[in-house]
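Below is one structure, written out as structure tokens; the observations come after it.
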Amino acid sequence: MSQDLEQPRLSPPRELFCTSCGRRVTYERGIVKFLCPNCGEQLIVRCRICRKHAHEYTCPNCGFTGP
Amino acid sequence: MSGLRDPPEDYLEGFPPVEDKDLLVPKQKYLSAGVHVGTKIRTKSMSRFIYRVRSDGLCMIDIKKTDERLRVAGKFLSRIEPKKIVAVSSRIYGFRPVRRFADYVGAVAITGRVLPGIFTNPRAPVYYEPEVVLLSDPKVDKQAHDESVKMGIPVVALVDADNELDFIDLAIPANNKGRRSLAFIFWLLTRQVLRERGDLPPDGELEEDYEAFATRIMGIR
Ligand SMILES: [Zn+2]
Ligand SMILES: [Zn+2]
């Protein structure tokens, strides 16, 4: 079926945007990306600053809010 | 529902109103393991998980949130290849819980001192490339936490009232210091991961009670 559901939707050449603040993130130390812990379908990206300050992220797909 | 059979009020002091049917286990089980009993120290970022402060100054963790996060963590970990999950405890009372969790789930357990380079140096004597790291206490498991951050590995952590949430991606609020509480949380998380994977039926139980996950006070290994 759709490969999109099997793998993170963004491959390296694509740009990443922080799920919390919307800023474009580069591959710097401290960023992270993972599929939403709840629905497993949406890629969550957290920039270093949002992660450091424990800013909440909300999954656009299922509404789960972390961390 | 209130009635003559309700326990005395102080018994449930610090416990949010919640029906047993809405929890993974009856609330009595959470209570007796002391999962909701947090530290007196409370960080700002943990306020979101604190239900109230008891008269003796201890922070009562909102067990509804603990329960909710255990469900989410169960789903999250069930989607990860088992051996790519690394569970860490540098605290003695976490040793056996983490090892039992790893045995059941097929994950890697790291207990005791974490050697530098464990996630960052392929030439280190002990080296793993986890997809998720599960920490018992980010404060105590600092080496593993720092290296996870360096490598961009998502971090799931048990967090008590005195923890910070920086660089934690999925927090499970709970008493992460008590012997029984640690055993209970890892037991429940184990059950939840196996249920989510379909290795247990949706209402299936582990063969062992949570006591089997508890570190024995004598002869720790
Ligand atoms: Zn951000
Ligand atoms: Zn989601």
Side-chain angles (χ1 to χ4, degrees), chain A, chain B residues 42-49 62 64-81 84-85 119-120 130-135 138 145-159 161 163-173 189 192-193 196-197:
Chain A
M1 310 265 280
S2 164
Q3 276 200 331
D4 274 355
L5 293 177
E6 308 283 328
Q7 293 167 353
R9 290 194 175 148
L10 301 177
S11 44
R14 300 244 317 252
E15 290 184 324
L16 293 177
F17 296 92
C18 175
T19 305
S20 303
C21 70
R23 264 193 291 260
R24 190 166 67 87
V25 300
T26 51
Y27 283 91
E28 60 188 304
R29 179 180 288 189
I31 72 151
V32 73
K33 57 188 168 74
F34 52 90
L35 288 173
C36 170
N38 189 49
C39 68
E41 290 182 11
Q42 179 72 42
L43 189 74
I44 304 291
V45 179
R46 302 183 74 204
C47 76
R48 184 184 169 80
I49 293 164
C50 287
R51 217 174 165 216
K52 166 121 186 75
H53 295 290
H55 291 161
E56 291 185 338
Y57 62 84
T58 298
C59 172
N61 184 50
C62 72
F64 174 75
T65 295
Chain B
R42 168 174 49 166
T43 65
K44 208 176 135 203
S45 58
M46 279 301 290
S47 306
R48 66 188 89 176
F49 296 124
D62 187 338
K64 274 172 17 189
K65 293 183 177 162
T66 306
D67 195 87
E68 177 210 294
R69 291 314 181 87
L70 282 168
R71 290 171 201 262
V72 174
K75 288 188 221 177
F76 189 42
L77 297 177
S78 74
R79 298 186 196 108
I80 309 285
E81 191 188 342
K84 290 288 187 181
I85 302 169
F119 303 143
T120 54
E131 276 174 31
V132 172
V133 170
L134 170 61
L135 304 177
H145 192 194
D146 287 349
E147 295 202 17
S148 307
V149 172
K150 221 174 258 185
M151 301 307 288
I153 303 163
V155 177
V156 180
L158 306 188
V159 286
N163 282 112
E164 298 288 351
L165 292 180
D166 58 317
F167 296 103
I168 305 295
D169 301 302
L170 182 63
I172 305 171
L189 184 58
Q192 203 54 23
V193 171
E196 289 292 344
R197 276 190 198 158

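Just so we're on the same page: letters track the sequence lines, and every chain starts at 1. The figures here come from the full heavy-atom set of this structure, side chains too, leaving out hydrogens, waters and symmetry mates.
Using a 4.5 Å cut-off between heavy atoms, B:I153 touches chain A through its backbone atoms (N, CA, C, O) alone. Contacts between B:R69 and chain A at a heavy-atom distance below 4.5 Å involve the side chain alone, from C-beta outward. For a residue to count as touching a neighbouring chain, one of its non-hydrogen atoms must lie under 4.5 Å from one of that chain's; by this rule A:C39 touches chain B with the backbone only. For chain A, no part of B:E131 is nearby; none of its heavy atoms comes within less than 4.5 Å.
For B:K64, the NZ atom sits in a packed shell: over 12 heavy atoms of surrounding residues, nucleotides or ligands are nearer than 6.0 Å.
Nearest heavy-atom pair across B:P154 and A:F34 is CG-CB, 3.7 Å. Nearest heavy atoms, A:L35 versus B:F76: O-CE1, 3.5 Å. A pairwise comparison of heavy atoms in B:I168 and A:P67 identifies O-CB, 3.1 Å as the closest pair.
With chain A as partner, the option from B:D169, B:V149, B:V72, B:D166 having the largest number of non-hydrogen pairs under 4.5 angstrom is B:D169.
With sequence neighbours excluded, the residues that form a side chain to side chain contact (heavy atoms under 4.5 Å, CB included) with B:S45 are B:T43, B:R48, B:E164, B:L165. Residues that satisfy the side chain to side chain contact (heavy atoms under 4.5 Å, CB included) test with B:R42, not counting sequence neighbours, are B:S47, B:I50, B:V53, B:C59.
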